[in-house]
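Chain letters run A, B, ... following the sequence lines, proteins first, then strands; residues in each count from 1.
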Amino acid sequence: MKAGCSIVDKPEGGGGYHFPEWAYKTESSPGSRQIQLWHFILELLQKEEFRHVIAWQQGEYGEFVIKDPDEVARLWGRRKCKPQMNYDKLSRALRYYYNKRILHKTKGKRFTYKFNFNKLVMPNYPFINIRPNGEHREFREFWNFWEFWDFWGKKKL
DNA sequence: AACGGAAATC
DNA sequence: GATTTCCGTT
């Protein structure tokens, strides 16, 4: 058994939500279950105990602020077993998300980024648009990904 | 702080 | 492929 970084990583804070299997898989490598940075970000955003470190920006849907860059980097480094992780490197990874349309930068606002929820994250998970029995809700109606997951996850998996 | 090229790493 | 590492530029 690997001590620190097992194949299926445990979420920060323990307990609570955890992304389902498909969230860790990559198209090219079905067996790979390395957690994606944006999954990790959403994970932290979900928990109250990390609000002093990272939190949703009230007002703008999907926008969040990294209040403590060093701490977020430390937590990310711990999860990925990369002790040398820092905000400079983590932010580079976030910038690679710009072209992938997962995130974009909120210009002028320090340490502030915004998820491209409805159009960009959704296409990666087709089933999300499937409507079961009239109980369809636009993703944008949800407060965050987790409220959405609560709504759909319990039905689909 | 933020950006993005280039090479390395897994 | 998704970062991680390094770094020159704005």
_For a 4.5 angstrom cut-off between non-hydrogen side-chain atoms, does A:Lys80 reach A:Leu37?_
no

Write down the distance between [atom1] ([X]) and [atom2] ([N]), rounded to a whole number of angstrom.
X: A:Lys109; N: B:dA2; atom1: NZ; atom2: P; value: 13 Å
X: A:Leu103; N: B:dC3; atom1: CG; atom2: P; value: 11 Å
X: A:Arg79; N: C:dA2; atom1: CZ; atom2: P; value: 18 Å
X: A:Asn86; N: C:dT4; atom1: CG; atom2: P; value: 10 Å
X: A:Ile35; N: C:dT4; atom1: CD1; atom2: P; value: 11 Å
X: A:Tyr97; N: B:dA2; atom1: OH; atom2: P; value: 17 Å
X: A:Phe111; N: B:dC3; atom1: CZ; atom2: C1'; value: 15 Å
X: A:Tyr87; N: C:dT5; atom1: OH; atom2: P; value: 16 Å

Ignoring backbone atoms, establish whether [X] has a side-chain N or O less than 4.0 Å from OP1 or OP2 of [N].
X: A:Gln84; N: C:dT5; value: no
X: A:Lys80; N: C:dT4; value: yes
X: A:Lys100; N: C:dA2; value: yes
X: A:Trp38; N: C:dT3; value: no
X: A:Tyr98; N: B:dC3; value: yes

*asked:* Suppose the criterion is ring-ring contact (aromatic ring centres under 6.0 Å, His included): which pairs have a residue in residues 65-85 of chain A, not counting sequence neighbours?
replied: A:Phe40-A:Trp76

Test side-chain hydrogen bond (donor to acceptor under 3.5 Å, both in side chains) applied to [X] - qualifying residues, sequence neighbours left out:
X: A:Thr106; result: A:Glu63
X: A:Lys67; result: none
X: A:Arg51; result: none

*How many angstroms lie between CD in A:Glu43 and CG in A:Leu75, if you round to the nearest 0.5 Å?*
10.0 Å

*Would you classify A:Lys105 as touching base, sugar-phosphate or nothing, given that sugar-phosphate means primed atoms plus P, OP1 and OP2, and contacts are heavy atoms under 4.0 Å?*
sugar-phosphate

*asked:* Categorize A:Leu90 for me: base, sugar-phosphate, or nothing, with a 4.0 angstrom heavy-atom threshold over every strand shown.
replied: nothing

*Residues within residues 64-72 of chain A bordering DNA chain C, heavy-atom distance below 4.0 Å*: none

*Residue list, ring pair (Phe, Tyr, Trp, His ring centres under 6.0 Å) with A:Phe50, at least two apart or on another chain*: none

*Kindly give the heavy-atom pair with the smallest separation between A:Asn116 and A:Leu103, and that separation in Å.*
OD1-O, 3.8 Å

*Check side chain to side chain contact (heavy atoms under 4.5 Å, CB included) between A:Tyr98 and all other residues, then give those that pass, not counting sequence neighbours.*
A:Arg95, A:Lys105, A:Tyr113

*Contacts of type side chain to side chain contact (heavy atoms under 4.5 Å, CB included), residue A:Asn86, not counting sequence neighbours*: A:Asp88, A:Lys89

_Under 4.0 Å protein heavy-atom contacts per nucleotide of nucleotides 5-10 of chain B, with B for base, S for backbone only and - for none_ = BBB---

Could you go over nucleotides 8-10 of chain C and give all protein N or O partners under 3.5 Å, atom names and distances?
none

*Measure the acute angle between the ring planes of A:Phe111 and A:Tyr87, then classify it against the limits of 30° and 60° as parallel, tilted or perpendicular.*
perpendicular

*Evaluate the side-chain contact (heavy atoms from CB on, under 4.5 Å) criterion for residues A:Tyr97 and A:Phe115: first the C-alpha distance (whole Å), next the side-chain angles of each, then the deciding distance (0.1 Å), finally the verdict.*
CA-CA 10 Å; A:Tyr97 283 154; A:Phe115 275 100; over 6 Å; no

